[in-house]
Amino acid sequence: MAEKNKAESSKKIRTRFAPSPTGWLHLGNARTAIFNYLFARHNGGDLVLRIEDTDRERSKKEFEEAIIEDLKWLGIEWDEGPDVGGPHGPYRQRERFDIYKKYVDILLKKGYAYRCFCTPEELEAEREKAKKEGRPYRYSGKCRHLTPEQVEEYLKEGKPYVVRFRVPDGRDIVFEDLIKGEVKFNVNDFGDFVIVRSDGSPVYNFVVVIDDALMKITHVIRGEDHLSNTPKQILIYEALGFEVPKFAHLPIILGEDRSKLSKRHGAVSVRQYRFDGYLPEALLNFLSLLGWYPKDGKEILSKEELIERFDIEDIHNAPAVFNKEKLYWMNGVYIREVLDLDDLTNRVINYLKQYKEHLDKEDQPVAELILQKPYEYIKEVVSKVRDSFFTLKEFPKRAKPFFVDKVELTPEAVKHIEKITPEVAKQIVELYLQKVKDMETFKGEDFKKVAKQVAKELKLKPGMVFKTLRVALTGETQGVSLDLLVDVIGKEATEKRLESFLSNLG
RNA sequence: GCCCCCGUCGUCUAGCCCGGUCCAGGACACCGCCCUUUCAAGGCGGAGAUCGCGGGUUCAAAUCCCGCCGGGGGCGCCA
């Protein structure tokens, strides 16, 4: 026994993430992938990526590629998979059909499975009947006891059939879930289930076992929606003499209305968050904290820190509501505190290049102008405004005055001018312009000084002067500190903007 | 309907296994004040959870036991 324990504990930990390529990577699946990754890395184990494309109808190659790209973008690395290969491949289920067939034959031969010739209509009738009688539906087992001769005959007739697993009667299946604790099912709750469809393709519940066993997966970490599949799978493991892995079922992610997070709740794909200007580090960090919490309570964690702290035992077992507000905040933390300036600048530039079409309409021309500027200039602007944007997508909005010389007034700005009257606005701006022109140099630190002088000479409130200058310089009534702005755009551009404001005033 | 899982501030959660230090701690959001040329950021402070409910056990329960209620997931020739 002691020896066995030793052997077990020294066995390399292997986890897997097995998405089906039927859509973009969903946030819930991304989190599952993250937990598999963190668990494997924390324990010095391997992560396997496997594509579950047995659903011919819905699986698409382009989704497989998109999922792989999004996983990489998030920073998840796997040791074996369809793109990198490995000793237990192939890693696409459609390429493994021969393997599955072999195991179906074994089950058939040993009597753990049998051919079922019931038609969909017959099954439908069974289902209806069960419903009417108010009992849960289970396959009747009609074809369980077909004689070999009958089977032979049906086969000869070319009658279509499925293969069903012969579920033993009345047994309790008990297993220790790493998150849920002891979970018990009785096999009577489900009937003989299908493992091969009538078109010859194997079904998920079956192939997942074959693959996990052959790929030497030691820990199956997946969504809680798979919990009730587990007993069926354990039956197959046992029938085939495979070692049963450890299971960990993650609580699902809920939308704001406390139902399973789905398209109805808005953006639910990793890709969508990329489009919206989220940083992979922030998304990874945030998703990790959905249902798991580090012992030291530190929330802003790099990938390395997550790996170091991750412990599957600490996963909270209640479902978690996806709180986009907090993700948004966290993305802001990464933008203003975590990333270094060059890194951030490059991300802004790349985002603008790659996802221009996802910007708001009015920001697109701004993005063009930004991209025309030299790197150093953009970097300087980023350093000035990084405190005020939360997603890369918002950068053009915040940085617009640094790039757009042609100032257009917003409705609020127009309102402000009307309120103080155009005459007063003209007075302020003219005097300010005059003073700037008289100066040899005009730097950010001078901005305030001059504005105060203008206020004093005109006997106006400083606030009014500042606001008016803001309107003249940016067309807006709020935004970056003006001293930072003029410092970056320089004396000449400042004068030009003031002049054009005046000429527009008429 | 049946099976399974879950239930601490609006949300994410700490604490629960090993009852007392918890009239329950942190984070987001919210409110107020400060900083300030505005917005934001930042600093400080505040409000917000009778620990789903009801019974036990105990000197003592968020923590242990039972029942109930509520929420969610699964019951396919989808994964």
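- When both pairing distances are held under 3.5 Å, C30(B) makes a Watson-Crick or G-U pair with G46(B).
- Under 3.5 Å, the side chains of S388(A) and R398(A) contain a donor-acceptor pair of N or O atoms.
- Taking atom CD1 on I210(A) and atom C1' on A79(B), their separation rounds to 16 Å, with Å as the unit.
- Spacing of C1' atoms, C9(B) relative to G1(B), comes out at 36 Å, to the nearest Å.
- Shown here is D169(A), whose CG atom has no more than 12 heavy atoms of other residues, nucleotides or ligands within 6.0 Å.
- For K397(A) and F389(A), the positive end is not near the middle of the six-membered ring at less than 6.0 Å and at most 45° from its axis.
- One interatomic measurement links the two molecules: CG of D387(A) to P of C39(B), which rounds to 15 Å at whole-angstrom precision.
- Look at NZ on K60(A): it is 15 Å from P on A79(B), rounded to the nearest Å.
- Between the C1' atom of C77(B) and the CZ atom of F206(A) lies a distance of 14 Å, rounded to the nearest Å.
- For the 3.5 Å distance criterion, the side chains of T230(A) and R222(A) qualify, holding a donor opposite an acceptor.
- Partner assigned to G1(B) is C75(B), using Watson-Crick or G-U wobble distances below 3.5 angstrom.
- Qualifying salt bridge (Lys or Arg N to Asp or Glu O under 4.0 Å) partners for D483(A), counting only residues two or more places apart in sequence or in other chains: none.
- Judged purely by distance below 3.5 Å, without hydrogens or angles, the side chains of N285(A) and Y334(A) pair a donor atom with an acceptor atom.
- Annotation: cation-pi geometry not satisfied between R50(A) and Y91(A) (NZ/CZ under 6.0 angstrom from ring centroid, within 45° of ring axis).
- Considering only the side chain of A318(A), G7(B) comes nearest among A14(B), U37(B), G7(B).
- Comparing G19(B) with C64(B), their C1' atoms are spaced 8 Å from each other, to the whole Å.
- Base pairing of C64(B): its partner is G56(B), meeting the Watson-Crick or G-U wobble criterion (both donor-acceptor distances under 3.5 Å).
- Nucleotides G70(B) and A27(B) place their C1' atoms 27 Å apart, quoted to the nearest Å.
- In terms of phosphate contacts, R336(A) brings a side-chain nitrogen or oxygen within less than 4.0 Å of OP1 or OP2 of G42(B).
- Atom P of C35(B) sits at a distance of 16 Å from the matching atom of G43(B), rounded to the whole Å.
- A sub-4.0 Å separation between OP1 or OP2 of C4(B) and a side-chain N or O of H249(A) is absent.
- For the contact set between residues 445-470 of chain A and RNA chain B, defined by any heavy atom under 4.0 Å, the members are K448(A), F466(A), R470(A).
- Each of F389(A) and N317(A) was matched to the nucleotide of RNA chain B holding its nearest heavy atom; the match closer to the 5' end belongs to N317(A).
- Within 6.0 Å of the CD atom in E337(A), the count of heavy atoms belonging to other residues, nucleotides or ligands exceeds 12.
- Using atom P as the reference point in both G26(B) and G48(B), the two lie 14 Å apart (nearest Å).
- Residue pairs meeting the side chain to side chain donor-acceptor pair (under 3.5 Å) criterion with at least one member in residues 17-28 of chain A: none, sequence neighbours excluded.
- In K159(A), the NZ atom is crowded: over 12 heavy atoms of neighbouring residues, nucleotides or ligands sit closer than 6.0 Å.
- If you check the side chains of Q93(A) and Y204(A), you find no donor sitting under 3.5 Å from an acceptor.
- Atom CG in D296(A) sits about 15 Å away from atom C1' in G15(B), given to the nearest Å.
- The separation of C28(B) from A47(B), taken at their C1' atoms, amounts to 15 Å, rounded to a whole angstrom.
- Using a 4.0 Å heavy-atom cutoff across all strands shown, N205(A) reaches no nucleic acid atom at all.
- Here F35(A) and F310(A) bring their ring centres to under 6.0 angstrom of each other.
- A cation-pi arrangement is present between R336(A) and F390(A) under the rule of less than 6.0 angstrom and at most 45 degrees off the ring axis.
- The C1' atoms of C51(B) and C16(B) are separated by 10 Å, rounded to the nearest whole Å.
- For D387(A), there are no salt bridge (Lys or Arg N to Asp or Glu O under 4.0 Å) partners two or more places apart in sequence or in a different chain.
- Residue V321(A) is classed as a sugar-phosphate contact, given heavy-atom separations below 4.0 Å to backbone atoms only.
- For H416(A) and U38(B), the NE2 to P distance is 12 Å, given to the nearest whole Å.
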Dump every N/O contact between nucleotides 25-30 of chain B and the protein below 3.5 Å, one line per pair.
from, atom 1, to, atom 2, distance (Å)
A27(B), O2', E299(A), OE1, 2.8
A27(B), O2', K326(A), NZ, 3.2
A27(B), N3, K326(A), NZ, 3.4

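- Within 4.0 Å of S20(A), counting heavy atoms only, lie sugar-phosphate atoms of the nucleic acid but no base atom.
- Judged by Watson-Crick or G-U wobble contacts below 3.5 Å, the nucleotide C39(B) has no partner.
- You'll find a donor-acceptor pair under 3.5 Å spanning the side chain of S481(A) and the base of U38(B), going by distance alone.
- Among the protein residues, R386(A) comes within range of no part of the nucleic acid, since none of its heavy atoms lies under 4.0 Å from any strand.
- If you check every strand for non-hydrogen atoms under 4.0 Å, P19(A) touches nothing.
- Residue D172(A) contributes atom CG, which lies 13 Å from atom C1' of C4(B) at whole-angstrom precision.
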Generate the contact string for nucleotides 63-76 of chain B. Rules: B means base contact, S means sugar-phosphate contact only, - means no protein heavy atom under 4.0 Å. ---------SSS-S

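- Ring centers of F39(A) and H219(A): under 6.0 Å apart, within the cut-off.
- Distance CG (L484(A)) to C1' (U36(B)): 12 Å, rounded to an integer number of Å.
- For the P atoms, the distance linking G54(B) with C59(B) amounts to 23 Å, nearest Å.
- Across all strands, G291(A) comes closer than 4.0 Å only to sugar-phosphate atoms, never to a base (heavy-atom distances).
- Residue K295(A) is the one, among D199(A) and K295(A), whose nearest nucleotide of RNA chain B lies closer to the 5' end (criterion: closest heavy atom).
- If you check every strand for non-hydrogen atoms under 4.0 Å, V196(A) touches nothing.
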